[in-house]
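To start, the structure under review is shown below, and the notes come after it.
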Number of protein chains: 2
Amino acid sequence: MLVSEKISPKTSARKAQIMDVSLEMMRRLGYQGTSMRDIASGMKMEAASLYNHISGKEDILAETCFRMAERLLTGLADVNDIYFNPVEKLSLAVKNHVNILTENTHAGWVFVHEWRHLSDENRSRFVAMRDAYEKGFNTILKQGEDEGVFQDVNNKFAVLTILASLNWVVEWYKPQGGMTPEQIADKLTEFILSGLKKDNN
Amino acid sequence: MLVSEKISPKTSARKAQIMDVSLEMMRRLGYQGTSMRDIASGMKMEAASLYNHISGKEDILAETCFRMAERLLTGLADVNDIYFNPVEKLSLAVKNHVNILTENTHAGWVFVHEWRHLSDENRSRFVAMRDAYEKGFNTILKQGEDEGVFQDVNNKFAVLTILASLNWVVEWYKPQGGMTPEQIADKLTEFILSGLKKDNN
DNA sequence: TTGCAATACTAACAAATGTTAGTTAGTGAA
DNA sequence: TTCACTAACTAACATTTGTTAGTATTGCAA
């Protein structure tokens with residue numbers, strides 16, 4: 001085994017297939033409703049064989065949740081680092097969120113809905129990341145208020161409501177549907193800003 | 001057994017306790033993560049004894065989901081029947097929704113999240129009710145547009161986003177928290193209307 | 001060709017699942 | 001007292017669960 005593989009083990013193509021099959025099923029049946037034997041049968045192999053590629057059922061869930069969470073976090077951090085205009089920031093943060101959630105619809109759905117079933121340890125790590133993410137949105141709102149661009153609102157409330165609208169996308173987005181992720185992001189941004197901006201020009 | 005009980009069997013106090021215990025657990029652990037033995041232990045009885053009061057595990061879920069759905073639907077129908085002003089209608093529809101979801105926080109949560117685990121038959125009945133509910137909101141938006149009060153927006157998109165914000169309430173509402181259901185409904189209405197109204201006065 | 005790593009298999013495990021059968025103790029009405 | 005009813009119990013059931021152990025097959029590198 002190469003040193004690089006020790007540090008960041010290469011994900012085999014086979015494992016990627018298992019992840020795909022698993023996430024599709026978990027979206028339909030939920031994490032707890034999807035058994036290792038279900039996944040195996042989707043892979044046309046035996047349940048025991050899965051363990052040559054993954055260390056256990058929670059692996060699938062944890063890897064999905066943390067990969068998504070990390071991407072969302074770094075995307076939002078970039079936005080907060082690079083740009084200055086709060087309206088622009090918000091718009092880009094929304095784009096970031098929608099793009100990541102819609103890129104792999106099954107992963108997006110599982111991320112939004114099934115993180116609860118992580119083990120205690122993983123779950124608290126996950127919740128910490130989510131809190132940090134909410135804080136990132138809060139920063140944008142606060143900046144907008146300080147600069148007099150946004151109304152003064154209950155920020156906690158506003159952030160939760162904004163994320164509600166964003167996450168709900170996984171419920172109904174379809175790649176072949178009527179709207180592209182960009183269009184969705186634009187509409188959502190428009191909707192959110194109309195509730196935040198001081199003067200609706 | 002009385003005839004009236006045959007038609008609409010009286011829900012015993014014991015059964016109500018089982019429902020309470022079950023819903024609290026299902027909120028924490030999910031429907032599939034809550035076993036009959038878990039519920040029984042919460043009731044300080046044996047799992048088999050539960051069957052003296054309920055006909056099975058799905059009973060708990062189905063009764064909760066349909067009771068909530070019916071209340072939401074009739075509430076919305078009343079609003080659409082009685083009032084005329086679309087702004088007023090929307091405001092009252094939001095109040096109705098928030099009030100019902102927050103009245104019993106566990107039931108509200110289970111209703112929003114766990115209906116997926118209904119049996120095929122119950123689930124399709126449930127989805128039909130949800131579609132009807134969405135149609136009710138659609139009607140309000142359309143009326144607002146026809147009367148020139150609301151902007152012309154993608155209605156399907158708008159309804160889903162509105163319901164996203166409304167349902168997200170179950171995620172964070174706490175009876176002892178900072179906001180009453182009325183205050184929440186007002187804030188949400190304000191937020192939604194700011195995205196819909198033509199002239200922001 | 002030999003040998004090794006990857007990947008599949010069969011068999012089995014202990015635990016947990018929803019539910020049923022049959023029984024028993026207590027309560028109020030006849 | 002007798003009777004029916006309610007609501008609890010014990011015991012057991014057939015499945016399903018995630019996972020492990022041990023073994024066979026394959027394909028590539030030496």
Side-chain angles (χ1 to χ4, degrees), chain A residues 1-6 9-23 25-26 28-64 110 114 116-123, chain B residues 1-6 9-23 25-26 28-64 110 114 116-123:
Chain A
M1 182 187 264
L2 299 173
V3 176
S4 70
E5 287 175 342
K6 255 191 205 157
K10 203 199 237 161
T11 305
S12 74
R14 204 86 179 110
K15 171 160 180 179
Q17 286 176 27
I18 294 175
M19 295 294 289
D20 279 354
V21 167
S22 303
L23 292 175
M25 285 186 158
M26 286 177 185
R28 268 189 299 122
L29 312 169
Y31 174 71
Q32 309 207 70
T34 304
S35 72
M36 294 299 276
R37 283 166 182 83
D38 289 337
I39 297 168
S41 124
M43 288 291 297
K44 293 180 200 302
M45 54 164 72
E46 295 301 314
S49 308
L50 294 169
Y51 288 81
N52 287 316
H53 305 280
I54 58 173
S55 70
K57 193 186 177 187
E58 170 146 354
D59 227 27
I60 301 165
L61 183 61
E63 207 156 292
T64 303
V110 169
E114 304 295 305
R116 279 166 200 285
H117 300 113
L118 289 167
S119 67
D120 288 349
E121 194 197 324
N122 277 332
R123 195 172 56 252
Chain B
M1 183 187 263
L2 298 174
V3 175
S4 69
E5 286 174 345
K6 256 192 206 158
K10 201 199 237 164
T11 304
S12 73
R14 204 84 178 113
K15 172 161 181 179
Q17 286 176 26
I18 294 175
M19 296 294 288
D20 279 353
V21 166
S22 303
L23 293 175
M25 284 186 159
M26 286 177 185
R28 268 189 299 121
L29 311 169
Y31 175 72
Q32 309 205 73
T34 305
S35 73
M36 294 299 275
R37 283 166 181 83
D38 288 338
I39 297 168
S41 124
M43 289 290 298
K44 292 181 200 304
M45 54 164 73
E46 295 301 314
S49 307
L50 294 169
Y51 288 80
N52 286 315
H53 304 280
I54 58 174
S55 69
K57 193 186 177 188
E58 169 145 355
D59 225 29
I60 300 166
L61 183 59
E63 204 155 295
T64 303
V110 169
E114 305 294 308
R116 280 169 198 284
H117 300 113
L118 289 168
S119 67
D120 287 349
E121 194 197 323
N122 277 332
R123 195 172 58 252

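Every value quoted in this text rests on a predicted model; they were computed, and no experiment measured them. In what follows, every heavy atom counts, from backbone to side chain, and hydrogens, waters and symmetry copies are set aside. Chain naming here is simple, since letters A, B, ... match the order of the sequence lines and numbering starts at 1 in each.
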Set of side chain to side chain donor-acceptor pair (under 3.5 Å) partners for A/Glu46, sequence neighbours left out: none
Separation of atom CE in B/Met36 from atom P in C/dT19, rounded to whole Å: 6 Å
Any residue meeting salt bridge (Lys or Arg N to Asp or Glu O under 4.0 Å) with A/Glu63, in chain and number order, not counting sequence neighbours: A/Lys15
Spacing between B/Gln32 atom CD and D/dT16 atom P, to the nearest angstrom: 14 Å
Contacts of A/Arg116 that satisfy salt bridge (Lys or Arg N to Asp or Glu O under 4.0 Å) - sequence neighbours left out: B/Glu171
Qualifying residues under salt bridge (Lys or Arg N to Asp or Glu O under 4.0 Å), relative to A/Arg37, sequence neighbours excluded: none
Residues from residues 48-62 of chain A lying under 4.0 Å of DNA chain C - heavy atoms: A/Ala48, A/Ser49, A/Asn52, A/His53
Sugar-phosphate, base or nothing in reach of B/Arg37, heavy atoms under 4.0 Å: base
Sequence-distant partners of A/Gln32, side-chain contact (heavy atoms from CB on, under 4.5 Å), two or more places apart: A/His117, B/Gln32
For A/Leu118 against A/Ala62, the heavy-atom pair lying closest together: CD2-CA, 3.6 Å
Atom-pair distance (NE2 on A/His117; C1' on D/dT17), nearest Å: 15 Å
DNA chain D contacts made by residues 39-47 of chain B, counting heavy atoms under 4.0 Å: B/Met45, B/Glu46
A/Ser35 side-chain N/O to D/dT17 phosphate OP1/OP2 under 4.0 Å: yes
Distance in angstrom units between B/Ile18 CD1 and C/dG18 P, rounded: 14 Å
Residue list, side chain to side chain donor-acceptor pair (under 3.5 Å) with B/Ser41, at least two apart or on another chain: none
With A/Asp20 via side-chain contact (heavy atoms from CB on, under 4.5 Å) - residues at least two apart: A/Asn104
Sequence-distant partners of B/Asp38, salt bridge (Lys or Arg N to Asp or Glu O under 4.0 Å), two or more places apart: none
For atom CD of B/Gln17 and atom P of D/dA7, their distance in whole Å: 11 Å
Side-chain donor/acceptor of A/Glu114 to backbone N/O of A/Met26, under 3.5 Å: no
Side chain to side chain donor-acceptor pair (under 3.5 Å) involving A/His53 - partner list, sequence neighbours excluded: none
Value in whole Å for how far the P atom of C/dG18 lies from CE of B/Met26: 9 Å
Terminal axis angle for the helix from C/dT1-D/dA30 to C/dA30-D/dT1, five pairs an end, nearest 10 degrees: 0°
